[in-house]
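Right, one structure below, let's go through it.
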Amino acid sequence: MITPTDRQKNQQLADIFLQMAKGYRYLGTQERFRAIAYQQAAKTLLNLPDDITKHASDIASLDKLRNIGEGIAQRILEYLHTGHIHTWDELRQTIPLKLLDIMDVQGMGPATTRTLHQRLGIQDRTELETAIRSCALAQLKGFGPKRIDNIRKALKIDKEARSRHLLDKALDIGNRLLQLVRNIPAIQQAEIAGSLRRRKETIGDIDIIATCHPAKHRSAIQHFTRLPIVDQLIAGGDTKASILLETPHIQADLRIVDPSAFGSALLYLTGSREHNIRLRSLARDNHRKINEYGLYSDDGSQRLAGETETSVYHALSLDYIEPELREDKGEIDLAKQHRLPRLIHADDLLGDMQMHSNWSDGATDIASIALHARLTRPHYQYIVITDHSPAARIAHGIDSADFRRQWKEIDKVNTDIGKTFVRKGVEVDILPDGSLDLPDDILQAFDWVTASIHSGFAKDNTDRLLKACHHPLVNCIGHPSGRLLMKREPYPADWTAFFHTAAQTGTALEINAQPDRLDLRDDLARQAVAAGVRLTISTDAHHPTQLSSIHLGVSQARRAGCTSAHILNTLTWDGISRFRDAKASHHAMPLG
DNA sequence: GCCGTTTTCGGCCCGACTGTTTTCAGTCG
């Protein structure tokens with residue numbers, strides 16, 4: 001089993017390799033490919049589903065991992081055996097670590113940082129600020145007033161502007177900005193691109209791509225940079241501009257191209273960077289050249305595609321790849337082989353599997369939730385009310401007697417509706433010893449039992465998770481990793497063992513669509529599905545309006561490559577009942 | 001330092017924008 005200490009090894013090594021990559025970037029262009037190699041290796045480590053020590057029996061088995069060759073394999077082994085990497089220790093002797101931090105500031109690349117260190121002896125950000133104030137910088141060749149002013153500004157806004165934003169919030173702002181762009185008179189069409197279009201769980205900046213008549217590029221850009229919501233202009237040329245929005249301080253980029261290049265530009269600006277690099281080297285292999293203006297023959301004499309993304313993919317003999325999959329995680333090979341999944345769509349869901357009423361910590365009564373669900377999601381056939389069990393004191397968890405009273409209210413709501421729309425569920429706490437917070441006799445009377453961990457986030461929770469899976473009355477594990485985006489890491493657990501057990505026992509795992517959970521996250525969900533686990537997508541809504549955040553869970557499932565077959569709540573309630581009964585009868589355990 | 005239905009050597013995505021230069025290096029995405 002992966003202990004917490006072991007699990008940290010992947011992260012520790014990745015952190016070191018990222019620092020080494022930065023160090024090599026600092027050393028100059030002759031080392032840039034070495035820098036890229038370490039960066040790629042770090043990415044491989046971070047994406048590795050299991051512990052690196054499992055691959056570390058010898059150099060040859062490490063070498064089999066993508067982006068890890070003989071040299072880096074040696075360094076991994078060295079670290080696992082000695083806790084040190086000699087090359088890194090040496091590198092650190094020559095480059096002050098805090099100096100590398102300076103390269104995180106916008107506009108401060110390796111060359112600039114090197115000049116400042118060598119000419120002025122600057123070691124960290126504080127000394128850089130001092131050098132600006134004392135006009136020492138202005139004495140250097142190549143550092144005119146504008147450049148110095150830009151560095152000063154970048155240092156000031158660095159922290160805030162570089163912080164990431166939850167997908168939910170970024171989508172809201174991005175969509176409003178998109179409307180403003182579409183209202184610019186010269187603009188013909190505009191779409192969101194970048195990580196926002198790929199629906200990454202957190203977003204650094206907002207990218208928008210637009211088309212207009214070539215003669216009007218410049219005026220459209222000017223219009224954009226003068227929008228009332230602009231706090232600062234970061235850069236503005238003929239075809240692209242970067243602004244800093246007023247509140248929150250989030251960067252937004254606009255790129256304008258001719259209509260004939262809309263597809264190739266959207267493709268380019270959507271990324272990911274890794275996906276683009278793979279596409280471009282694939283094009284090169286086929287004697288083609290790809291850029292944001294289109295797909296061309298080698299010598300650029302013939303333009304082969306560009307108006308739509310599909311045209312570019314097809315010209316490369318690839319099927320169209322959905323934005324959520326564009327992370328260079330095997331999607332290009334699948335597209336080549338016509339084996340891409342038909343990703344789940346929000347309309348495929350027939351119901352929502354977790355939400356809370358005012359019986360525990362929800363905002364409203366069950367009738368209001370049901371009404372809101374039926375008005376806003378008319379294709380839903382069911383919703384599951386899952387109030388908390390007693391141990392969740394902060395969430396006003398309720399006991400067996402309360403649940404029995406609650407069921408009468410649910411029955412009445414269903415009678416008023418004229419069909420069984422509201423299902424009787426529970427979010428029962430998994431206690432520290434892995435047992436459940438409610439007795440079996442009441443658990444077996446629910447339509448749906450989701451079990452969740454709400455305590456003990458620091459220690460390894462594998463045993464608790466496995467025990468819950470083995471309980472015959474647990475249908476689903478809620479927010480399985482316990483993370484909170486930008487606040488709390490997933491608790492340590494052996495995910496491989498957990499997913500295997502969930503699949504074996506017929507226990508579903510949840511993709512929780514709360515904006516700061518999105519738990520399971522994309523790569524773990526992908527791993528779970530590969531292990532044969534069925535997933536649910538649910539909002540965990542605590543107010544009826546939060547039922548709309550289901551789309552965030554769907555995005556997460558799409559990033560994991562899920563089809564409707566992987567998602568349990570694409571089934572009618574009969575189908576869900578069969579899934580539930582299969583587990584209970586399989587166990588045939590005497591119930592307490 | 002990695003990688004290979006062009007290659008075990010010689011490549012490693014590609015173009016816009018900026019500031020400071022008088023033609024381009026540096027940075028970014």
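- For the pair A:Gln556 and A:Ile537, the minimum side-chain heavy-atom distance is 4.5 Å or more.
- Remark: the A:Tyr268 side chain and the B:dG29 base include a donor-acceptor N/O pair separated by less than 3.5 Å.
- Residue A:Ala235 has its side chain nearest to B:dC17 when only B:dG1, B:dC17, B:dT20 are considered.
- Residue-level contact check: A:Arg32 touches neither bases nor backbone, having no heavy atom under 4.0 Å from any strand.
- Of the C1' atoms belonging to B:dG10 and B:dG15, the separation is 24 Å, rounded to the nearest Å.
- Between the A:Asp58 side chain and the A:Ser61 main chain, a donor and an acceptor come within less than 3.5 Å of each other.
- Looking at heavy-atom distances under 4.0 Å, A:Glu70 makes contact with sugar-phosphate atoms alone, never a base.
- Side-chain atoms of A:Thr112 lie closest to B:dG26 of the nucleotides B:dT20, B:dC3, B:dG26.
- A:Lys141 comes within 4.0 angstrom of no nucleic acid atom, judged by non-hydrogen atoms across all strands.
- For the pair A:Arg278 CZ and B:dG11 P, the interatomic distance rounds to 21 Å; values are reported in whole Å.
- For B:dC13, neither phosphate oxygen OP1 nor OP2 lies less than 4.0 angstrom from any side-chain nitrogen or oxygen of A:Tyr296.
- On the C1' atoms, B:dC17 is 28 Å away from B:dG11, given to the nearest whole Å.
- We find that A:Asp523 and A:Arg526 are not joined by a salt bridge, their nearest charged nitrogen and carboxylate oxygen being 4.0 Å or further apart.
- DNA chain B is contacted by both A:Arg255 and A:Arg75; A:Arg75 maps to the nucleotide lying nearer its 5′ end (nearest heavy atom per residue).
- Between A:Leu295 and A:Arg303 the shortest side-chain heavy-atom distance does not fall below 4.5 Å.
- The closest side-chain heavy-atom distance from A:Lys54 to A:Leu48 is not below 4.5 Å.
- Checked against B:dT27, B:dT20, B:dC14, the side chain of A:Ala111 finds its nearest nucleotide in B:dT27.
- Minimum atom distance to the side chain of A:Asn67 is reached by B:dC3, of the listed B:dT6, B:dC3, B:dG19.
- Within 4.0 Å of A:Gly271, counting heavy atoms only, lies no atom of the nucleic acid at all.
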Could you walk me through whether A:Arg75 and A:Thr87 pass the side chain to side chain donor-acceptor pair (under 3.5 Å) test, one step at a time?
-> CA-CA 8 Å; A:Arg75 280 158 188 75; A:Thr87 324; 3.1 Å; yes

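- If you take CG of A:Leu244 and C1' of B:dC28, they are 16 Å apart, rounded to a whole angstrom.
- The separation of B:dA25 from B:dT20, taken at their C1' atoms, amounts to 10 Å, rounded to a whole angstrom.
- When heavy atoms are screened at a 4.0 angstrom cut-off, A:Glu292 is found touching the sugar-phosphate backbone but no base atom.
- Distance noted for atom P between B:dG19 and B:dC13: 28 Å (whole Å).
- Note on A:Thr239: a side-chain N or O is less than 4.0 Å away from OP1 or OP2 of B:dC17.
- Between the side chains of A:Asp15 and A:Gln11, at least one donor N or O lies within less than 3.5 Å of an accepting N or O.
- Of the listed nucleotides (B:dG1, B:dT18, B:dA16), B:dT18 has the atom at the smallest distance from the side chain of A:Asn150.
- In this structure, A:Glu70 places its CD atom where only 12 or fewer heavy-atom neighbours from other residues, nucleotides or ligands lie under 6.0 Å away.
- Among the protein residues, A:Ile36 comes within range of no part of the nucleic acid, since none of its heavy atoms lies under 4.0 Å from any strand.
- Contact between the side-chain N/O atoms of A:Gln106 and the OP1/OP2 oxygens of B:dG29 is found at a separation under 4.0 Å.
- Separating the CZ atom of A:Arg25 from the C1' atom of B:dC28 is a distance of 11 Å, rounded to the nearest angstrom.
- Of the candidates B:dG19, B:dC14, B:dG1, the closest approach to any side-chain atom of A:Tyr38 belongs to B:dG1.
- Residue A:Ile277 places its side chain closer to B:dC13 than to any other of B:dA16, B:dT18, B:dC13.
- With both ends at atom P, the span from B:dT23 to B:dG29 equals 29 Å, rounded to whole Å.
- Taking the nucleotide of DNA chain B with the nearest heavy atom to each of A:Gly71 and A:His287, the more 5' of the two is matched to A:Gly71.
- Comparing B:dT27, B:dA16, B:dT20 against the side chain of A:Pro110 picks out B:dT27 as the nearest.
- For the P atoms, the distance from B:dA16 to B:dT21 is 24 Å, rounded to whole Å.
- Of the listed nucleotides (B:dC13, B:dT20, B:dA16), B:dC13 has the atom at the smallest distance from the side chain of A:Arg273.
- Nucleotides B:dG1 and B:dT6 have their P atoms positioned 28 Å apart, rounded to a whole Å.
- Nucleotide B:dC2 holds its C1' atom 17 Å from the NZ atom of A:Lys64, rounded to whole Å.
- Rounded to whole Å, the separation between the C1' atoms of B:dC9 and B:dC14 comes to 24 Å.
- Here the C1' atom of nucleotide B:dG29 and the CG atom of A:Asn276 are 9 Å apart, to the nearest Å.
- The side chain of A:Tyr293 sits closest to B:dG15 out of B:dC2, B:dC12, B:dG15.
- A:Ile68 comes within 4.0 angstrom of the backbone, heavy atoms only, and of no base.
- Under the Watson-Crick and G-U wobble criteria, each requiring two contacts below 3.5 Å, nucleotide B:dT8 is left unpaired.
- An OP1 or OP2 oxygen of B:dG15 is reached within less than 4.0 angstrom by no side-chain nitrogen or oxygen of A:Lys240.
- The local environment of CD in A:Gln222 is crowded, with over 12 non-hydrogen atoms from other residues, nucleotides or ligands closer than 6.0 Å.
- Nucleotide B:dC17 holds its C1' atom 16 Å from the CD1 atom of A:Ile243, rounded to whole Å.
- Taking atom CZ of A:Phe33 as the reference point, atom C1' of B:dG11 lies 8 Å away to the nearest angstrom.
- A:Leu295 places its CG atom 12 Å from the P atom of B:dC14, with the value rounded to the nearest Å.
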